[in-house]
Amino acid sequence: MQAELIAAAQALDALGFMPSKSGNLSCRTERGCLITPAGLPYAETGPEDLVEVAPDGSVLGGHRRPSSEWRLHMAIYAARPEAGAVVHTHSPFATALSCARQPIPPFHYMIALAGGADIRCSAYATFGTAALAEATIAALEGRRAALLANHGAVAIGKSLAGAQTLAMEVENLARQYLALRAAGLPPVLLTEAELREVFAQFGDYGRLT
Ligand SMILES: [Zn+2]
């Protein structure tokens with residue numbers, strides 16, 4: 001699990017999803033979660049730098065400070081029993097959209113991967129706070145991904161690979177949606193009936209991975 005977390009963090013960092021040591025990843029453990037440390041460049045982070053935190057934030061293992069967003073991760077694990085991993089990024093296009101506090105509407109069928117007809121944007125709250133954790137849980141209701149207002153994005157998965165893939169798809173959708181808006185073209189949104197067919201077509205693919 002440790003090596004997989006580091007590899008995922010470094011891969012997302014290489015894509016420009018974690019500017020200035022931002023973003024954080026975690027996997028659920030029996031006692032809490034294993035999370036990336038605070039303030040360490042991902043390129044210099046190794047498995048020994050990961051921190052296991054309890055639901056109350058106390059450190060169960062590791063010699064670093066946990067990511068400042070440990071509350072957000074723990075709140076997601078508490079609210080979403082199916083989540084085995086959480087990926088939080090500051091990926092550029094999703095973050096840009098989050099600064100307009102706008103959701104991603106169903107302009108492309110791949111929106112279904114996030115679990116519903118849209119990807120919501122949370123209410124704004126200061127980073128690292130319980131208020132942000134609460135706002136994120138609300139935005140994730142019935143979804144596997146959300147934008148965090150004036151901040152970034154979050155994706156959950158049964159597995160770390162699933163959460164990582166979804167984080168990349170959220171960024172992809174945000175990029176496509178912003179390109180469409182930048183071109184001055186009004187998006188034609190999928191209807192409820194069209195979305196129902198997409199979910200049927202996805203079948204297992206649409207389930208939490
Ligand atoms: Zn953040």
Side-chain angles (χ1 to χ4, degrees), residues 23-28 32-33 35 55 67-91 93-174 177 187 189-209:
N24 28 76
L25 282 69
S26 73
C27 286
R28 188 196 288 272
C33 75
I35 192 164
S67 156
S68 58
E69 294 296 4
W70 66 265
R71 283 183 187 83
L72 183 145
H73 290 251
M74 285 309 322
I76 290 173
Y77 292 123
R80 302 293 293 267
E82 79 277 26
V86 175
V87 169
H88 164 52
T89 76
H90 292 191
S91 62
F93 290 99
T95 301
L97 203 50
S98 85
C99 296
R101 301 190 189 179
Q102 291 206 8
I104 304 179
F107 75 100
H108 191 290
Y109 76 84
M110 289 292 271
I111 197 90
L113 287 188
D118 57 7
I119 296 174
R120 300 187 198 100
C121 184
S122 76
Y124 179 76
T126 308
F127 79 93
T129 60
L132 178 62
E134 214 170 287
T136 304
I137 297 300
L140 277 173
E141 176 86 49
R143 302 285 185 274
R144 301 175 197 120
L147 304 181
L148 311 186
N150 308 83
H151 184 153
V154 67
I156 65 177
K158 202 189 283 179
S159 67
L160 180 60
Q164 184 182 357
T165 301
L166 183 55
M168 291 166 70
E169 188 51 42
V170 170
E171 177 64 359
N172 200 31
L173 287 165
Y177 182 59
L189 303 183
L190 299 177
T191 64
E192 261 180 52
E194 285 166 343
L195 277 169
R196 263 199 303 277
E197 282 190 39
V198 171
F199 280 106
Q201 194 74 352
F202 267 136
D204 282 340
Y205 186 32
R207 292 212 193 116
L208 192 66
T209 53

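These figures come from a predicted structure and were not determined experimentally.
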Closest heavy-atom pair and its distance - [X], [Y]:
X	Y	answer
Ala135	Ser122	O-CB, 3.7 Å
Ala112	Val198	CB-CG1, 3.7 Å
Ile35	Ser67	CD1-CB, 3.9 Å
Phe107	Pro187	CB-CB, 4.2 Å
Ala155	Ala163	CB-O, 3.6 Å
Ala125	Ala131	CB-C, 3.7 Å

Atom pair [atom1] ([X]) and [atom2] ([Y]), whose distance is rounded to the nearest 0.5 Å:
X	Y	atom1	atom2	answer
Met110	Ile104	CE	CD1	12.5 Å
Ile76	Arg144	CD1	CZ	14.0 Å
Ser26	Met74	OG	CE	8.0 Å
Gln102	Leu97	CD	CG	6.0 Å

Could you tell me if the side chain of [Y] sits less than 4.5 Å from the side chain of [X], heavy atoms only?
X	Y	result
Leu25	Leu160	yes
Tyr177	Phe93	no
Phe127	Leu72	no
Cys33	Trp70	no
Asn172	His108	no
Val170	Leu147	yes
Ile111	Leu195	yes
Arg143	Asp118	yes

*Listed by chain and number, what are the side-chain hydrogen bond (donor to acceptor under 3.5 Å, both in side chains) partners of Arg80, not counting sequence neighbours?*
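Glu82.
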*What pairs with Glu171 under side-chain hydrogen bond (donor to acceptor under 3.5 Å, both in side chains), at least two apart in sequence or on another chain?*
Ser91
*Within a reach of under 6.0 Å around CD of Glu141, are more than 12 heavy atoms found that belong to other residues, nucleotides or ligands?*
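No, because the 6.0 Å sphere around CD of Glu141 holds 12 heavy atoms or fewer from other groups.
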*asked:* Can you tell me if Glu169 has over 12 outside heavy atoms packed within less than 6.0 Å of its CD?
replied: yes
*Are Val87 and Val154 close enough, and set up right, to give a side-chain contact (heavy atoms from CB on, under 4.5 Å), and what steps lead you there?*
CA-CA 6 Å; Val87 169; Val154 67; over 6 Å; no
Is a donor on one side and an acceptor on the other found under 3.5 Å between the side chain of [X] and the backbone of [Y]?
X	Y	value
Arg101	Cys121	no
Tyr77	Val86	yes
Thr89	Gly23	no
Arg28	Ala83	yes
Arg71	Gly128	yes

*Classify the angle between the aromatic ring planes of His90 and His151 as parallel (below 30°), tilted (30 to 60°) or perpendicular (above 60°).*
perpendicular
*Given the rule in the side-chain contact (heavy atoms from CB on, under 4.5 Å) test, do Ser98 and Leu148 qualify, once you have shown the distances and angles that lead to the verdict?*
CA-CA 6 Å; Ser98 85; Leu148 311 186; 5.8 Å; no
